Amino acid sequence: MIKEMIHGLREMLIFLFLAVFSKATGAKAYSRGVMIQEGAAYCLSWRLAVEANNVRAWRTVPSQCLRYVETYMLGGQYERDLDLIVGQILSYVNGIAPSGDGMDAWILDVDDTCISNVLYYRGKRYGCDPYDPAGFRAWALKGGCPAIPAVLELFSYLVQSGFKVFLVTGRDQETLGQVTLDNLHYEGFVGYKRLILRTAEFKGQSAVAYKSEIRRQIEEEGYRIWGNVGDQWSDLQGECLGNRTFKLPNPMYFVP
């Protein structure tokens, strides 16, 4: 009798111990999972606010979002987002009836619109490190920026459809003009109307002011700008924006 009571008490103690241990470890795992989930949720909200231009003039990606941005850029979602946006652009293009006079135009930005700098920004922790002008210049001088496939497809379609495509970039013409032209041609961007880089005349101007003036000059030549595509809001703000603008995703840096 006593032996049975001791055995029962022992089983009860073991059961209570396992229950307490299980609860403790479960709570720990749950807390860790919640922390990870909340961190990813914050970074998702941050990226949404950035893309919507509700967060402006930010200098670096929040350090806690490094892995999130890396996963976004390399894990497939970035490409899926690009494909969706380019699909919308193509639907819009197919609704346009070109005049046939050769004056129907589109404007495309270059960096992280036509060609990608993800390999460079991988070394800059996907934007968690401050912008490094000298480092980016050294990277651009290598002329190794790969084409962004969805935008190359769009570019080719625009050219084949009879639109005049202007590639407008904030890159410095004196130091990066030839290497940028060669890089674009090597990656398949052939047949555009003009590649326009920043000259000494526009040195020190914001991207909004510089690109507004370039678009104004294009319109003064008689071109009708049907669309304007860029990865920065500064590509799509200001004057002479054209009939429609299309923002491509870029959570790695902000250009004022």
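Worth saying up front: this structure is predicted, and the values here are computed from it rather than measured.
- At a threshold of 4.5 Å between non-hydrogen side-chain atoms, the residues V208 and W233 do not count as touching.
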Task: Verdict with reasoning, K193 to V165, per side chain to side chain contact (heavy atoms under 4.5 Å, CB included) - done: CA-CA 5 Å; K193 176 63 178 179; V165 180; 5.8 Å; no
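- When all heavy atoms of P98 and S161 are compared, the pair lying nearest together is CG-O, 4.0 Å.
- Under the 4.5 Å side-chain criterion, counting only non-hydrogen atoms from C-beta, C145 is not in contact with S116.
- No side-chain donor-acceptor contact under 3.5 Å links R125 and S63.
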- [ ] Test salt bridge (Lys or Arg N to Asp or Glu O under 4.0 Å) on K164 and D104 and set out the steps.
- [x] CA-CA 6 Å; K164 297 297 184 291; D104 296 301; over 6 Å; no
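- Linking Ile, Leu, Val, Met, Phe, Trp and Tyr residues whenever their side-chain heavy atoms come within less than 4.5 Å leaves L241 and F163 in two separate clusters.
- Taken together through direct or relayed side-chain contacts under 4.5 Å among Ile, Leu, Val, Met, Phe, Trp and Tyr, L236 and V93 form parts of separate hydrophobic clusters.
- Between the side chain of T60 and the main chain of D129, no donor-acceptor pair closer than 3.5 Å is present.
- The neighbour count for F202 CZ, taken as heavy atoms of other residues, nucleotides or ligands under 6.0 Å away, is above 12.
- The neighbour count for Q64 CD, taken as heavy atoms of other residues, nucleotides or ligands under 6.0 Å away, is above 12.
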- [ ] Check step by step if side chain to side chain contact (heavy atoms under 4.5 Å, CB included) holds for V86 and F246.
- [x] CA-CA 9 Å; V86 169; F246 295 89; over 6 Å; no
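- Taking hydrophobic clusters as Ile, Leu, Val, Met, Phe, Trp and Tyr residues chained together by side-chain heavy-atom distances below 4.5 Å, I218 does not share a cluster with L195.
- At least one donor-acceptor pair under 3.5 Å links the side chain of S156 to the backbone N or O of L152.
- Classification of E221 and R194 as a salt-bridged pair holds, one side-chain N sitting under 4.0 Å from a carboxylate O.
- Partners of E51 under the side chain to side chain contact (heavy atoms under 4.5 Å, CB included) rule, at least two apart in sequence or in another chain, are R47, K247, P249, P251.
- I85 and Y92 fall within the same hydrophobic cluster, where Ile, Leu, Val, Met, Phe, Trp and Tyr residues are linked whenever their side-chain heavy atoms come under 4.5 Å apart, directly or through other members.
- Ring centroids of Y253 and Y131 are separated by 6.0 Å or more, keeping the two rings apart.
- Contact detail for N183 and G144: the closest heavy-atom pair is OD1-N, 3.6 Å.
- Around atom CD of Q77, more than 12 heavy atoms belonging to other residues, nucleotides or ligands sit under 6.0 Å away.
- Using a 4.0 Å cut-off between charged side-chain N and carboxylate O, D109 and K211 make a salt bridge.
- A 4.5 Å side-chain heavy-atom check between I107 and I225 finds at least one atom pair inside the cut-off.
- In this structure, CD1 in I89 is found 12.0 Å from CG in N94, a value given to the nearest 0.5 Å.
- Separating the CE atom in M252 from the CG atom in D112 is a distance of 4.5 Å, to the nearest 0.5 Å.
- Residues passing the salt bridge (charged side-chain N to carboxylate O under 4.0 Å, His left out) test with D182: none are found, sequence neighbours excluded.
- For R171, the salt bridge (charged side-chain N to carboxylate O under 4.0 Å, His left out) partners two or more places apart in sequence, or in a different chain, are D111.
- Note that the CD1 atom of I115 and the CZ atom of F189 stand 7.5 Å from one another [nearest 0.5 Å].
- Inspection of the W106 and N228 side chains reveals no N or O donor paired with an N or O acceptor under 3.5 Å.
- With a 4.5 Å cut-off on side-chain heavy atoms, D83 and Y78 do not count as touching.
- Hydrophobic cluster of L141: the remaining members, joined at side-chain heavy-atom separations below 4.5 Å, are L176, V179, listed by chain and number.
- Y126 meets the ring pair (Phe, Tyr, Trp, His ring centres under 6.0 Å) test with no other residue; sequence neighbours excluded.
- Separation of atoms OG1 (T175) and CZ (R137) is listed at 6.0 Å; rounding is to 0.5 Å.
- There is no side-chain donor-acceptor pair under 3.5 Å between W226 and N243.
- Side-chain N/O atoms of D81 and Y72 include a donor and acceptor closer than 3.5 Å.
- Scanning for side chain to side chain contact (heavy atoms under 4.5 Å, CB included) contacts around A97 gives an empty result, with sequence neighbours left out.
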- [ ] Would you sort out whether C65 and C43 count as a disulfide (SG to SG under 2.5 Å), showing the intermediate values?
- [x] CA-CA 6 Å; C65 296; C43 295; 2.1 Å; yes
TODO: Step by step, work out the side chain to side chain contact (heavy atoms under 4.5 Å, CB included) result for W139 and L119.
DONE: CA-CA 10 Å; W139 155 259; L119 293 177; 3.8 Å; yes
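- Proximity of L44 to L48: side-chain heavy atoms (C-beta onward) are nowhere separated by under 4.5 Å.
- In the hydrophobic cluster analysis, where Ile, Leu, Val, Met, Phe, Trp and Tyr join through side-chain heavy atoms closer than 4.5 angstrom, L181 is grouped apart from Y186.
- Residues L66 and V61 form no side-chain contact, since every pair of their non-hydrogen atoms from C-beta on lies 4.5 Å or further apart.
- Residue I196 holds its CD1 atom at 8.5 Å from CG of L167, rounded to the nearest 0.5 Å.
- The 12-atom threshold is exceeded at CD of Q237, counting heavy atoms of other residues, nucleotides or ligands nearer than 6.0 Å.
- A salt bridge is defined here as a Lys NZ or Arg NE, NH1 or NH2 lying under 4.0 Å from an Asp or Glu carboxylate O, and R198 with D172 fails to meet this definition.
- The closest donor-acceptor contact from the side chain of N117 to the backbone of Y120 lies at 3.5 Å or more, if one exists at all.
- Panel note: side chain R244, backbone G227; no donor-acceptor pair is recorded below 3.5 Å.
- Using a 4.5 Å heavy-atom cutoff, the side chains of L158 and Y192 are not in contact.
- Formation of a donor-acceptor pair under 3.5 Å by the Y210 side chain with backbone atoms of T199 is not found in this model.
- Within a 6.0 Å sphere centred on CZ of R122, other residues, nucleotides and ligands contribute 12 heavy atoms or fewer.
- Once rounded to the nearest 0.5 Å, the distance linking CD of E79 with CG of L74 reads 8.0 Å.
- The closest donor-acceptor contact from the side chain of S91 to the backbone of G87 lies under 3.5 Å.
- Checking each of N250, D231, D235 against T113 for a side-chain hydrogen bond (donor to acceptor under 3.5 Å, both in side chains) leaves exactly one that passes, namely D231.
- Without hydrogens or angle criteria, Q232 side chain to V255 main chain gives a donor-acceptor distance under 3.5 Å.
- With respect to R216 and E213, a salt bridge is recorded, a charged nitrogen being found less than 4.0 Å from a carboxylate O.
- Residues V168 and V110 fail the side-chain proximity criterion, which asks for heavy atoms closer than 4.5 Å.
- Between Y223 and F166, the gap from one ring centroid to the other is short of 6.0 Å.
- For R56 and F254, the positive end is not near the middle of the six-membered ring at less than 6.0 Å and at most 45° from its axis.
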